[in-house]
Peer 1: 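Below: one structure in C-alpha cells.
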Amino acid sequence: MDVFDAVVVGSGFGGSVTAFRLAEADLSVCVLERGKRFPPGSFPRSPHEAAKNFWDPDSRLYGMYDMWSFSKMDALVSSGLGGGSLIYANVLIRKPESWFAHESFDGGYEDWPVTYEDLDPHYRSVESMLGGREYPFDVEPYRSTPKTLAMRRAAKRLGLPWELPLLAVSFGDPPVPGAPLDGGEDNLHHSPRYACRLVGECDLGCNFGSKNSMDFTYLSAAYRLGADIRTHCEVRSFEPVREGFQVSYIEHRAAGEEDPSAPPVRRTVRARRLVLSAGTLGTTYLLLRNRSAFPALSPALGTHFSGNGDFLGLVLKARERQDPSGEMEPYLMEPSFGPVITSAMRVDRKGTGERDRGFYIEDAGYPEFLNWLIEHNVLTMSNRVARFLLRRGWSQLTGTARSRVGRQLGDAMGKGLFTATSLPLLGMGRDVPNGRMFLRDGHLDLDWKLAASDQYFDQMNATMERVSHSLGGRYAANPLWLLNRLITVHPVGGAPMGQTAREGVVDSFGRVYGYPGLSIADGSVLPGPVGPNPSLTIAALADRSALRIAEDRRHDSGSPS
C-alpha cells in the first residue's frame, strides 16, 4: 500500500491548487483523478467521437462531460485531468466585496465566514498563476470583435457597468492568433502550445493549448515538484485510520486499451491528510456515501446548494439603422469569433428596496461548426436545395443558355444571417442557496425550491430582454425556463463553511469539523453563490486552505503511517 503525506481527490480548481501548494511545502502528494488526460489535439470534434465524450463508467464511457439530472435542475460538470478548467470559459472575476453576505432567507441563511480582504492575496496569486489578462481589445483583430462591441454598446445604452474581465487565456506577447507560445512544451503533457486562435471552442476543450487550464499551470507545477498524479482513478470510499486516512479507489481499464472490457481494479492508499476536491456534486456524494465512517459530520452536510444563478438568454436577429433616414440592416455580432466570453456587464440590486441579489451578464460564443448546423438544418437546407434543383431542371427543359450558376448555389446555401445576428447571453449571480442534496436509493438527489429565486430570475430575464432590444433584436429565454427547469454549469454548496460545526461542514479554511486532517477544497464549501464565475473564488479559497495545511504541518512531528 502506498503511503503519502496527503491525498487529493480530484484535480479541478480546488484540487490542483492544493496539490501544488502542498508539494511546494515539501509534502509527498498523490492526486487521484477519475478522468483521463486531455492533451491538446485530443478533444473530440467529430460526431462519432463526441458521442463517446461523456462520463458513465457503467456504460464504459470515460469522457469529459458529466451530466447530472435532478427534478428541478440539471448540472453539467467535467471529468478529466484539470477538472472544470477543461470546459470553462476562462473568466476570472473576483466576488464583489459587498456580496460576501450575512443574511437570512425563508428557510435558511447565507453567512460567509471569510471576507474579501481575507481572499485578496490569494486572488492575486491565482490570477498570476493562471496568466489572467484582459481580452486584448486595443489591437487588431481583437478590436473588431463584433460580440464585444455589441456588449459594450448595449451596456452604454442601458447605463450598466461594462468590463473586460481577466481571462486565463494565452493570446501571445504581442497578441497574434495562433502564434507558438514560448516554453510551450514545459508542461505535464510535453505538448507545444499556441496563442488563442479566436475560434470559440473553449467549452469543448482547447485543442491548441491556448487555455491556461489547471493541467498546464498548477498541475504541471505540482508534477515538477514530484506530485504523483494518477488518472482513471475513481475514489469510492475512505475512512479514518490510525494517524490518517485510508482511501480506496478503482482504476478504470487497468488492463490497458488492449482489453477495454477488463474489470476495474480496486486499489488503496493511505495518507496523514485527505483533501476532497471532487467538486460540489462529487464531494457531497462521497461524503453522503461514506457518512457511516464519519458519524460526527455536521448536520449541514448537503445544504446550501445553489446553481450560482446560471441562466441562458438569446438575442435573435439583431438589426440596426445605419443612418437616421436609412432602413434597418442586419447587425452582425458573429458569436463564433473570439474566445467564448470576452466581456461582462454587472447589475446591482442595491438602492431598489430589495435585497442585493445582483448578477452578471456575459457574451457567449460557440464553435463555428454550430453555425452550419443551425443555418443548414435538414428542413431549411432541403427547401433551398429543392429550389436550386428546380431551377436547373427548368433550365434543362427550356434550353436556357446560362452556364454560370454561382449565385444560385449561394442562394441554396443561404446568407447565414440568423446566426450572424444572434448572440447567446450567459447570466449568473446571487440566486437563493436553499437547495439540499441527499441520497435516494444510493443515488444523489436534490431538493431545490426554484420559487425562492423567482424574483432574481425575473430581474435577469427583464435585463436580458433590455439588452436584446438595445441591439435591435428579439429576446428568447432558455426554453427550459418555460418548463420551470434550469441547467447550471456552476453548482456550489453541499459541504458549506460555517462559524461552527452546526452551521457548516468545514471552517473558513476548509477543515472538516471533528476530523483533524480531513479538508475540502472545491465549490462544495461555498455557503452561497459567488455571483460571477466561481472558479477564481474556489481556487483562491483552496490557496488559502492549502497554505494553512502547510502551516499546520510544520507543527506536526509525526510521519504518515
Side-chain angles (χ1 to χ4, degrees), residues 89 91 134-165 167 177 198-203 311-347 359-377 380-381 384 407 410-411 413-427 460-479 481:
V91 177
E134 293 180 359
Y135 186 61
F137 199 45
D138 55 341
V139 296
E140 292 293 351
Y142 314 91
R143 182 188 293 131
S144 303
T145 305
K147 64 180 180 180
T148 315
L149 292 167
M151 287 290 284
R152 185 176 67 174
R153 171 187 287 192
K156 184 176 180 180
R157 289 178 172 176
L158 299 178
L160 296 174
W162 176 83
E163 64 179 289
L164 294 169
L167 301 177
L198 311 177
V199 292
E201 296 183 357
C202 313
D203 293 346
F311 194 80
L312 174 66
L314 299 165
V315 183
L316 302 176
K317 296 184 176 180
R319 301 176 69 80
E320 65 176 341
R321 200 181 303 278
Q322 299 290 352
D323 58 76
S325 60
E327 295 183 0
M328 297 290 285
E329 299 288 340
Y331 181 29
L332 304 183
M333 294 184 288
E334 304 288 0
S336 296
F337 182 82
V340 166
I341 292 172
T342 62
S343 67
M345 57 183 79
R346 174 177 161 183
V347 181
F359 51 88
Y360 281 77
I361 295 177
E362 301 168 356
D363 58 291
Y366 50 81
E368 189 70 54
F369 68 79
L370 290 182
N371 287 331
W372 288 91
L373 291 177
I374 296 169
E375 293 284 354
H376 302 290
N377 63 74
T380 58
M381 187 67 174
R384 292 195 294 260
R407 178 174 178 178
D411 290 341
M413 294 184 67
K415 296 181 180 179
L417 285 176
F418 178 78
T419 52
T421 60
S422 299
L423 178 67
L425 300 174
L426 296 180
M460 175 77 78
N461 249 317
T463 305
M464 285 188 171
E465 188 168 15
R466 291 171 59 210
V467 170
S468 299
H469 293 166
S470 74
L471 296 172
R474 299 205 309 267
Y475 173 65
N478 180 354
W481 176 248

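As the structure is a prediction and not an experimental result, all values here were calculated from the model. In what follows, residues are counted from 1 in the order of the sequence shown.
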Peer 1: What heavy-atom pair brings Y135 and L164 nearest, and what distance separates the two atoms?
Peer 2: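 So the two residues come closest at O-CD1, 3.9 Å.
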Peer 1: What is the distance from atom CE of M345 to atom OH of Y360, rounded to the nearest 0.5 Å?
Peer 2: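 Here the rounded value is 12.5 Å.
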Peer 1: Kindly write out the residues that satisfy side-chain hydrogen bond (donor to acceptor under 3.5 Å, both in side chains) with N478, not counting sequence neighbours, or none if the list is empty.
Peer 2: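 N478: no side-chain hydrogen bond (donor to acceptor under 3.5 Å, both in side chains) contacts found.
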Peer 1: Is the closest side-chain heavy-atom distance between I361 and L426 below 4.5 Å?
Peer 2: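 SC-SC contact between I361 and L426 ruled out.
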Peer 1: Going by heavy atoms in the side chains, are L471 and M333 under 4.5 Å from each other?
Peer 2: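 L471 reaches M333 side chain to side chain.
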Peer 1: How far does CG of L158 sit from CZ of R153, to the nearest 0.5 angstrom?
Peer 2: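 Rounded to the nearest 0.5 Å, the CG-CZ separation comes to 12.0 Å.
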Peer 1: For a quick check under 3.5 Å, do Y142 and T342 share a side-chain donor-acceptor pair by atom type?
Peer 2: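 Short answer, no.
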Peer 1: When you compare the side chain of T419 with that of L370, does any pair of heavy atoms fall below 4.5 Å?
Peer 2: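 Sidechains of T419 and L370: no contact.
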Peer 1: Mark yes when over 12 heavy atoms from residues, nucleotides or ligands other than E140 sit less than 6.0 Å from its CD; otherwise mark no.
Peer 2: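 Result for CD/E140: enclosed.
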Peer 1: With heavy-atom distances below 4.5 Å as the criterion, would you say the side chains of Y475 and L314 are in contact?
Peer 2: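 A side-chain contact is absent here, since even the closest heavy-atom pair is not under 4.5 Å.
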Peer 1: Tell me, please, which residues at least two apart from Y331 pass side-chain hydrogen bond (donor to acceptor under 3.5 Å, both in side chains).
Peer 2: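 Testing Y331 for side-chain hydrogen bond (donor to acceptor under 3.5 Å, both in side chains), a comparison that skips the adjacent residues, returns none.
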Peer 1: Can you tell me how far apart OH (Y366) and CG (L423) are? Round to the nearest 0.5 Å.
Peer 2: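 Reported value, rounded in 0.5 Å steps: 8.0 Å.
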Peer 1: Which heavy-atom pair separates P330 from T421 by the least distance, and what is that distance?
Peer 2: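 In terms of heavy atoms, the two residues are closest at CB-CG2, 3.8 Å.
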Peer 1: Quick one, V199 and P367 - any side-chain contact, counting heavy atoms below 4.5 Å?
Peer 2: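 When only atoms from C-beta onward are counted, P367 and V199 do not touch, as no gap falls below 4.5 Å.
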Peer 1: Yes or no on side-chain contact (heavy atoms from CB on, under 4.5 Å) for V315 and S422, after CA distance, side-chain angles and deciding distance?
Peer 2: CA-CA 5 Å; V315 183; S422 299; 5.9 Å; no
Peer 1: Starting at OG of S336, measure out to CZ of F369 and round the result to the nearest 0.5 Å.
Peer 2: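 CZ of F369 is found 9.5 Å from OG of S336.
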Peer 1: Kindly give the heavy-atom pair with the smallest separation between V467 and A154, and that separation in Å.
Peer 2: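 Closest pair (atom of V467, atom of A154, distance): CG1-CB, 4.0 Å.
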Peer 1: Nearest 0.5 Å, please: how far is CZ in F311 from CZ in F359?
Peer 2: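 It is 10.5 Å, given to the nearest 0.5 Å.
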Peer 1: Quick check against the 3.5 Å criterion: does R346 have a side-chain atom that pairs as donor or acceptor with the backbone of P161?
Peer 2: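 No; judged by distance alone, with no hydrogens or angles, the pair does not exist.
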Peer 1: Starting from the C-alpha separation in whole Å, work towards a yes-or-no answer on side-chain contact (heavy atoms from CB on, under 4.5 Å) for L425 and D363.
Peer 2: CA-CA 5 Å; L425 300 174; D363 58 291; 5.6 Å; no
Peer 1: Side-chain contact, heavy-atom cut-off 4.5 Å: M464 with M460?
Peer 2: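 Touching, per the 4.5 Å side-chain cut-off.
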Peer 1: Closest heavy-atom contact between E362 and A344?
Peer 2: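 Scanning both residues, the minimum pair turns out to be CG-CB, 3.5 Å.
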Peer 1: Give a yes or no on whether the backbone of G472 and the side-chain of R319 come within a donor-acceptor separation of less than 3.5 Å.
Peer 2: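 No, because the side chain of R319 does not come within donor-acceptor range (under 3.5 Å) of the backbone of G472.
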Peer 1: One pair to check against side-chain contact (heavy atoms from CB on, under 4.5 Å): L312 and W481. What are the steps and the verdict?
Peer 2: CA-CA 9 Å; L312 174 66; W481 176 248; over 6 Å; no
Peer 1: Considering only heavy atoms from C-beta outward, does the side chain of M151 approach that of T148 to under 4.5 Å?
Peer 2: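 No; the side chains remain at least 4.5 Å from each other.
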Peer 1: Holding to side-chain hydrogen bond (donor to acceptor under 3.5 Å, both in side chains), I want the full list of residues that pass it with W162, two or more places apart in sequence or in another chain.
Peer 2: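 side-chain hydrogen bond (donor to acceptor under 3.5 Å, both in side chains) list for W162, sorted by chain: S343.
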Peer 1: To the nearest 0.5 Å, tell me how far S468 OG sits from K317 NZ.
Peer 2: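 Result: 14.0 Å between the selected atoms.
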Peer 1: Would a 4.5 Å heavy-atom cut-off, applied to side chains only, mark P335 and P424 as touching?
Peer 2: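 P335 vs P424: side chains touch.
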